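Shown below is the structure under consideration.
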Amino acid sequence: MCTPLRQSHSAALAKPYAGASSTYNTGGVYATEEDTWYEPDELIPSTNASPPEHNAFDPDKAPPRFDWRNCKSSRIVIPQSTPTARRRYPHRKVPTLPVTESTDPYHGAIKNYHNHFLPLLRKEEEENGNEVFERLKTWSLERLKSEGYCLTDVVAYWTKNNSYGKAVAVFQVGAGVCLPENLKFGNGYKIMVSRKNPLQEQADLDVETPITGSIVELTETKLKIAFPHEFDESGLWRLDLGMTNFIFERMRAAVSALHYDVDILEREPRTDKVEPILLGTGLKDVLLRSGSPATRTLSREHQEFHALQAPDDVSYPKDVLSHDVREFAPESFRGVFKDDMRIHSWAERYSLDEPLVIEGDPDLSHLNGSQIKAMATMVSKRISLVQGPPGTGKTKTIIETIKLLRAHFEVPFPILVCTYTNVAVDNLLEGFGNAGLKPLRVGFNACLRESLKEYSLDEKLAKHPLQDLYAATEKALRDLEPKIDDLSSRLKETVKKAQKSNSTELMKRSQNMYRAFRAMERERFWLKGKLWGLQQEMLHDIVKAADVNIRPPDDEVHSAPFWSVSRFALVCTTCITAASSSLNVSDFPVVFIDEASMSTEPATLIPIMKGEAQAKGLGVSLFERLTEEGIVPSVMLDVQYRMHPSISYFPSSEFYNSSIQDGTMDKEGNVMSGLEPLLSSTHLLQELGDISEEEGSARLRPSVIFLDHNGREQMSGRSRLNYPEAQIVVSLVEDLLLHNPQLRGRDIGIIAPYVAQINLLTRILSMSDLNYRQRFNEVLGNQRYHEMGEVEVKTVDGFEGREKEVIIFSTVRNNREGKIGFLADRRRLNVGLTRAKRGLFVVGSITTLGSHGPGIVGTIAATATSTRSEVEKKPRGRGADSWKRYAEWLAREGLVLKLEGENLSRTLFGNRRREEASKTKLKG
């Protein structure tokens with residue numbers, strides 16, 4: 001089984017559980033996942049047959065060449081259910097969680113694993129709850145609203161459709177009115193609904209407050225929240241963000257699933273009515289190695305794990321990041337495709353440094369050697385890691401690997417692809433679509449791009465042939481509920497009267513009413529069961545129809561609507577959403593986990609068991625732990641295709657010992673077209689000498705520059721912001737849009753490490769302040785100034801796996817003590833410096849960021865040399881030391897621009913002054 005994990009140094013986990021023996025229902029008849037490839041007489045020649053006569057080979061009489069593609073079960077055309085042609089699927093049940101016996105070889109390791117992670121999850125959940133309570137208790141209402149934790153004066157109404165049996169209400173500020181952009185609500189989040197304050201009970205209401213519900217859908221103007229039951233929705237409501245405890249519940253369940261033995265579950269009897277859901281993993285020997293009594297590496301402080309070098313290691317640990325399996329016999333690490341000789345042969349040939357290509361192999365000329373070797377490792381091993389610095393094509397490698405399995409080898413196994421964020425899921429989704437695959441997206445859809453909606457589970461459910469029947473059944477249940485309530489109320493009154501009056505007639509009437517009430521309850525029970533059955537039937541159809549590998553000729557496609565080519569799913573979702581009940585309709589023996597280093601280990605376990613914490617062990621990912629242990633086979637991608645070489649130079653030197661090659665330059669050293677540094681106004685070019693306005697406008701600025709200022713940081717609750725720095729950042733965006741007509745607001749990304757700074761920048765760029773709107777309009781014009789609102793502002797994690805033409809990194813920190821807080825996260829510094837393609841602007845205090853130890857001020861005072869110099873190899877520490885070395889490198893390269901006095905004034909107001917002067921000149 002294949003479980004590719006992957007991170008900012010990507011991982012590919014080959015996950016062997018829910019094996020190839022799984023069966024699937026096809027119209028009530030079970031069939032194995034793969035049809036027989038050969039007829040019996042092709043495999044076993046008759047013992048009575050005479051030896052063939054020796055004749056010369058006659059090519060005209062040669063039998064037709066065998067084509068295995070014609071025998072693959074994934075070529076079978078399978079219809080979806082319709083109201084007149086229903087398909088029956090077995091009821092999939094979650095098996096009873098066993099208790100691992102003391103005689104089990106993994107008993108001690110599982111116990112240690114639980115003892116390590118479950119208390120950490122409980123502690124983190126408690127801290128999350130305390131943070132919510134503290135926020136509601138101490139923050140003002142205005143602050144809660146301004147930082148996106150609260151929404152007031154909203155109206156509500158109940159929808160006709162429910163969500164898995166729960167009532168759904170729609171909340172909105174007003175018809176067509178957009179919700180605040182800084183709102184922190186998200187799909188699945190718990191919301192507390194109250195009139196005035198969720199911490200205060202409202203005695204005059206018919207229901208207790210706060211009422212707690214979960215968001216099921218979020219659009220630009222509406223919130224849909226599911227509740228256990230309906231309540232009086234009239235009047236105005238207040239919504240507060242509550243605890244997101246479902247995340248912790250899913251992580252605990254994943255850790256507990258280590259008790260399951262998938263080998264036993266696969267031997268469980270299956271019928272056409274019931275089959276067990278395969279939980280657990282066949283990777284216990286790898287995952288639990290750290291928790292076994294023999295190793296016990298889980299007892300270490302997990303912060304000491306590093307996916308790359310150790311803090312004081314100046315050499316690049318190539319043997320840590322690229323190696324074959326260790327401490328296991330190679331045969332024991334063969335993956336789920338080990339019995340497919342076609343895949344085995346391909347993987348053996350393409351794992352060589354010089355791949356052995358034969359006729360019929362897919363064309364991989366668009367990939368480099370390390371990407372091809374990573375693909376071979378992923379398809380051949382039980383579990384593997386793909387290390388990849390930013391821009392080296394990790395996501396592309398995953399997409400190409402799945403395309404190889406689906407489009408070329410047509411493997412029948414369902415494939416689950418998970419990643420850290422919904423944005424990263426959408427990037428994968430787009431890549432699969434462009435590759436000719438048809439994935440299924442499960443999860444949060446509020447911000448889903450229009451071009452990707454066809455892959456959404458919700459969209460497919462809405463278009464399913466059974467949807468009308470489902471809606472009619474749902475309406476029948478909705479109409480029945482008030483009748484039951486009415487009859488129940490009248491029955492109680494009748495019984496009271498009968499008991500009081502001893503009336504035989506009333507007693508008889510109450511008995512008849514009771515029989516009618518019981519009949520209605522039976523009907524309600526039947527309707528709920530029918531709804532659940534229809535829902536499961538549609539989910540089975542949709543999940544197993546995902547991934548149309550290669551479109552068949554028109555004459556092979558059935559003329560009936562809603563038919564599909566493949567019944568074997570390719571599902572994309574986040575690690576947390578992988579535990580969704582929607583995916584219980586299928587087991588997933590093959591799992592790829594993208595951006596694996598960004599998820600905590602319990603979160604990564606969720607998709608593995610499917611067939612921001614910094615306390616002790618939650619501060620490290622499973623990917624990092626496996627990298628540190630050095631057992632799982634790992635491949636390093638070593639060519640970056642994203643950045644201008646000037647941008648990639650320092651990250652390559654600092655984090656990868658200059659081992660990363662630039663795929664953005666040709667053999668002559670010319671940078672690829674489209675990566676040229678951006679034009680800017682002359683105030684950012686003054687260090688090039690005295691130049692005229694005309695000459696300056698024609699020159700290209702550096703791809704990397706640090707804007708050094710003296711604006712002080714300040715606290716904003718538990719967060720931090722820097723007003724002067726926000727002004728500089730916004731002025732820089734304005735300048736870039738003014739001098740680069742082809743540049744769009746959506747091409748610019750702003751990274752800020754603190755929520756308060758993100759909220760401040762978002763408010764300015766959204767032009768809610770009329771003064772800013774007027775300024776941007778004057779400088780950029782009536783049409784162009786709208787681009788300011790398209791600029792994206794997020795944390796480093798929000799840009800993980802993504803890229804922009806321009807990145808502006810607002811560091812915020814500026815203090816005399818040189819404190820930089822969680823900016824000193826080496827991994828996130830690496831990500832932040834490698835999102836930009838053409839231009840990277842870092843804004844902050846060079847003294848604060850570089851003062852972790854002596855020397856930076858003197859280095860800057862000595863200024864820079866005009867030639868590119870090697871980054872000085874000093875003993876490495878944590879992220880603070882990396883910032884120090886970055887500051888020193890910027891100074892030596894002459895890339896630090898001090899903003900004070902006239903420089904600062906020109907940065908903040910230069911463009912506006914020019915526009916005003918130009919208008920004055922025209923009038924004169």
Side-chain angles (χ1 to χ4, degrees), residues 22-31 33 35 72-92 159-165 270-275 412 414 437-442 445 453-480 523-571 580-587:
S22 300
T23 57
Y24 293 83
N25 182 289
T26 53
V29 179
Y30 280 92
E33 288 186 333
D35 292 344
K72 297 297 292 183
S73 60
S74 59
R75 282 289 189 179
I76 298 174
V77 177
I78 301 174
Q80 290 187 334
S81 294
T82 67
T84 57
R86 301 284 296 279
R87 299 188 65 218
R88 302 302 176 195
Y89 295 101
H91 174 46
R92 289 174 53 81
T159 64
K160 295 180 180 180
N161 301 324
N162 61 25
S163 176
Y164 295 95
R270 297 166 182 243
T271 69
D272 59 348
K273 293 183 178 180
V274 179
E275 69 177 26
L437 302 175
K438 190 175 181 180
L440 175 69
R441 188 192 195 280
V442 178
N445 294 321
K453 285 187 176 179
E454 63 174 303
Y455 304 124
S456 164
L457 174 61
D458 292 343
E459 189 82 1
K460 292 180 180 293
L461 282 171
K463 295 179 179 179
H464 194 281
L466 292 180
Q467 185 57 232
D468 289 343
L469 179 59
Y470 182 89
T473 307
E474 193 175 49
K475 183 178 183 305
L477 178 62
R478 194 167 56 249
D479 293 343
L480 182 63
E523 184 180 0
R524 176 167 60 182
F525 180 80
W526 179 81
L527 287 172
K528 286 185 176 181
K530 184 178 180 180
L531 279 176
W532 185 87
L534 287 169
Q535 196 174 66
Q536 294 303 301
E537 200 169 341
M538 289 190 289
L539 287 172
H540 270 282
D541 280 350
I542 291 169
V543 171
K544 292 183 178 180
D547 181 23
V548 176
N549 296 321
I550 302 175
R551 299 186 185 280
D554 291 341
D555 58 353
E556 292 184 20
V557 181
H558 197 282
S559 59
F562 303 107
W563 284 58
S564 58
V565 176
S566 172
R567 60 191 167 123
F568 301 105
L570 169 57
V571 175
S580 168
S581 59
S582 299
L583 295 180
N584 285 343
V585 298
S586 179
D587 300 314

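The model shown is predicted, which means the values in this text are computed figures rather than measured ones. What's counted below: heavy atoms across the whole structure, side chains too, no hydrogens, waters or symmetry copies.
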key: For the student: nearest non-hydrogen atoms of V543 and S586, plus distance   =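 Looking at all heavy atoms of both residues, the closest pair is CG1-CB, 4.1 Å.
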inquiry  = Between D541 and K460, does any side-chain N to carboxylate O distance fall below 4.0 Å?
reply    =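 Salt bridge: no.
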ask   = Are side-chain heavy atoms of D272 and R88 found at a separation under 4.5 Å?
value =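 No, their side chains stay 4.5 Å or more apart.
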request  = Could you grab the distance from atom CG of L539 to atom CG of L440, nearest 0.5 Å is fine?
outcome  =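 Going from CG on L539 over to CG on L440, the span is 9.0 Å.
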query = Taking atom CD1 of I542 and atom CD of Q80, what is their separation to the nearest 0.5 Å?
reply =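 Between atom CD1 of I542 and atom CD of Q80 there are 6.0 Å.
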task = On the 0 to 90° scale, with breaks at 30° and 60°, tag the W532-H91 ring pair as parallel, tilted or perpendicular.
result =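 Because their plane-to-plane angle is over 60°, the rings of W532 and H91 count as perpendicular.
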Main-chain N/O of L531 paired to T473 side chain as donor or acceptor, under 3.5 Å =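 Here the side-chain-to-backbone pair does not exist.
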message = Applying the salt bridge (Lys or Arg N to Asp or Glu O under 4.0 Å) criterion to E537, which one of R87, K530, R86 satisfies it?
response =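 Answer to the salt bridge (Lys or Arg N to Asp or Glu O under 4.0 Å) test with E537 among R87, K530, R86: R86.
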request  = Please assess L461 against Q535 for the test side chain to side chain contact (heavy atoms under 4.5 Å, CB included), listing each intermediate value before the final yes or no.
outcome  = CA-CA 9 Å; L461 282 171; Q535 196 174 66; 5.9 Å; no
request  = Let me see the working for R92 and H540 under side chain to side chain contact (heavy atoms under 4.5 Å, CB included), right down to the final yes or no.
outcome  = CA-CA 11 Å; R92 289 174 53 81; H540 270 282; 3.9 Å; yes
task = First locate atom CG of D479, then atom CG of L527, and finally report the distance between them rounded to the nearest 0.5 Å.
result =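 Answer rounded to 0.5 Å: 10.0 Å.
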request  = Any chance you could lay out the side chain to side chain contact (heavy atoms under 4.5 Å, CB included) test for L570 and K438, step after step, and finish with the verdict?
outcome  = CA-CA 7 Å; L570 169 57; K438 190 175 181 180; over 6 Å; no
